[in-house]
Each structure stands twice: as structure tokens, then as C-alpha cells.
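Down below is the structure, laid out as C-alpha cells.
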There are 2 protein chains.
Amino acid sequence: MFSKACEYGIKASIFIAINSREGKRVNPKEIAEEIDSPKAFTAKILQALVRSNVIKSVQGAYGGFEIDKEKISKIKLSQIVEAIDGDNIYSGCGLGLASCDEYHPCPVHDKFKIVRTELKDMLENTNLEQLAIDIKSGSSFLKI
Amino acid sequence: MFSKACEYGIKASIFIAINSREGKRVNPKEIAEEIDSPKAFTAKILQALVRSNVIKSVQGAYGGFEIDKEKISKIKLSQIVEAIDGDNIYSGCGLGLASCDEYHPCPVHDKFKIVRTELKDMLENTNLEQLAIDIKSGSSFLKI
DNA sequence: TATAAATAGGATATTTTTATCCGAATTAAA
DNA sequence: TTTAATTCGGATAAAAATATCCTATTTATA
Ligand code: FES
Ligand code: FES
């Protein structure tokens, strides 16, 4: 469904959100350990998330990654997915036609569109704060 | 969402179904042209579909690929997807945890499960005959 | 101002997916 | 029985995704 990069990106964002709510910055090493991902690869993804304004980086000593507290509840899963995997999962044809077009539909268009829209709505209606809270309360997990 | 191999596999199966309904066998060259896919790669996928009993091959001169007429309406999209991409899209965790487990859920589990189940139901309730008919009537397309 | 801790980013390596090629095996028909 | 058309399957190549490594740059603090 999502690329590995995107999975790491989502989990990393959630972990950063948890820590930012407590005023703590985190670095790639901690993040990679917490979400069980390759550190250097994760660092690349973090850079991408910084460029697309999902997270913020602070360079230099005592730096790290963080998210403005007020922004945590405003960042939707869809922004993270789009930043890393692009919008194909939302708008692309399920069978790989050049574009998903009502007037030139692939055989699964009508049925696929419903599922795709539901996925889109789900991602657009889920924000980082919701996800961070569940981790914190121990009712969901970032690894294993 | 689906791999290229899976997209080609679905489109090829639909094209074979259309032709089998008319008693015609088709070969990888015709298939690749009709679904706009690389011929040799498509041939490999056809072999996999033969091995998993989705389609039937007839070797030698005047051979080709076909599907038993009575089977066309019985082959679900889900069988094709499973044969090529496996069952991860149905049963795997959306964030890549080792397994999707109610008792050890990832942060998006509850919401993701709903979408994943809807996708599964969609694929299980769609058969090749339905898809072939729309192509034949010109209301859906296999390429461009 | 020097130092140490941190992100940025380019180069490279590995793995997986996608794609191509070619000879062997099969088979219907001439 | 020979030929031509066809699938099968192994070997290889190319491209993309995933992963690693190293150096440059930034910056807070001693
Ligand atoms: S055209 Fe294929 S999903 Fe819309
Ligand atoms: S645990 Fe991640 S989707 Fe179920």
C-alpha cells in the first residue's frame, strides 16, 4: 500500500509529535530505534519531511527534529503520504492507466474509486495528535 | 497500490476472458499490445497465472492462453491479486509492523482496517466476467 | 573563539522490481 | 516425419527502491 519510506515517515512523525508535546527534540538515532527502521535511510526521509514542512529541524548542537505544538493536531496523515509517496494513491488509476478518468475508465474504475476515496478520506481525517495520544496511552505501538 | 506485475496480470486476465468467451486463444504478443505492457515481462506473469490456475495455457502451434468459459464468472479479482502480490494488501499492517494484530495494533490500525476490508470485499466481489463485459461494450478500457 | 553535537546532503552500495533475451520443449498441421 | 508456431524457463540487464557512509555545515555552550 505505502512504500517503506512512507511507513517510516508516518511512524517517525508520530514519534516526533509525542516528544514535541513534551517539549523534547529527537534525533535520527532515537527515532530509528523507536520505530525499528534503518537510521540513515530514516534520516533522509526526515529531510524530505522538513522540506515539505511536515516537521521542523534544528541544526547544530542540541538540535534535532520537532513539530510546533500547535501544529500537531493540524498535520494530517495525507500530508505525510503525499510528501513521500506522492498523490498516485489518491488520484491514480488502480490498473495503471495514464490517468483515472471518468470518461475513459479502466475496468475496475467504479468499484476502485470508492475504496480509494475512502482511503483518502481516512488519511485526511486523521491527524498526528490522535495517533500520538494512542501511543502514549499504550493502546497502540510503533514497532514489532 | 498494486505492483506493475499485478496490474498487467489483471488486465491480461480480462483480455483473455474477453477472447475466451468468443472461443479464441491469445498469445503474449497480442496481450501485450492490447494492454500496453512489455511483452516478455507479461509472458512471465502469464506463466505465474497458469501455475496458480487462474488461466490455462496450451503449448505448441495454435496454442495460447485461455480461460474455461464456465470459469470466467468464477474467477475473482482477489485470486489474481493474491497470485501475484500475495496477501499482504489484505492482511498486512498498513504501517509495516510484522503482523496486523488487534492486540498489538499500530497507530492507524482501527481506521486502516476498515479501508483494507473494503478493498478486500471489493476484490472478492468482482469477477472477470463483469469486467470483460464492460470492455466489450466499450464502456471501459484496458489502455491509455 | 574553539569544541562538540547535531542536521544536510552527496556518493555509493544493496536489494527488489521491472524488463529483455534466448534456447528448450511442446504440438498442430502440412 | 518435418516444420512452424507456440509456451516454458533459465540467464541476464536495467531501473527503482531501500540502505549505508562520509564530509560539510550549522550552532549552542564552555
Ligand atoms: S480509470 Fe482506473 S481507477 Fe479510474
Ligand atoms: S496493526 Fe497496523 S493495520 Fe493492523
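Chain identifiers are assigned alphabetically (A, B, ...) following the order of the sequence lines, protein sequences preceding nucleic acid strands; residue numbering begins at 1 within each chain.
- Salt-bridge check for A/Glu66 with A/Arg25: passed, with a basic side-chain N closer than 4.0 Å to an acidic carboxylate O.
- A straight line from NZ of B/Lys39 to C1' of C/dC22 spans 12 Å, rounded to a whole angstrom.
- Atoms NZ (A/Lys44) and C1' (C/dG10) sit 7 Å apart, rounded to a whole Å.
- To the nearest angstrom, C1' of D/dT6 lies 12 Å from CD of B/Glu30.
- Using a 4.0 Å cut-off, no side-chain N or O of B/Gln59 falls inside it from OP1 or OP2 of C/dT27.
- When the P atom of C/dA19 is taken as reference, atom CG of B/Asp36 falls 11 Å away, rounded to whole Å.
- B/Lys39 NZ: 12 or fewer foreign heavy atoms inside a 6.0 Å radius.
- Under a 4.0 Å N-O distance rule, the pair B/Lys11/B/Glu7 does not qualify as a salt bridge.
- Atom pair B/Glu7:CD and C/dT17:C1' shows a separation of 13 Å (rounding to whole Å applied).
- Side-chain N/O atoms of A/Tyr62 include none lying less than 4.0 angstrom from OP1 or OP2 on D/dT26.
- An OP1 or OP2 oxygen of C/dA8 is reached within less than 4.0 angstrom by a side-chain nitrogen or oxygen of A/Ser57.
- Taking 4.0 angstrom as the limit, B/Arg51 places a side-chain polar atom (N or O) nearer than this to OP1 or OP2 of D/dG9.
- A salt bridge does not link B/Lys24 with B/Glu30: every distance from a Lys NZ or Arg NE/NH1/NH2 to an Asp or Glu carboxylate oxygen is 4.0 Å or more.
- In this structure, the NZ atom of A/Lys29 is 18 Å from the P atom of C/dA8, given to the nearest Å.
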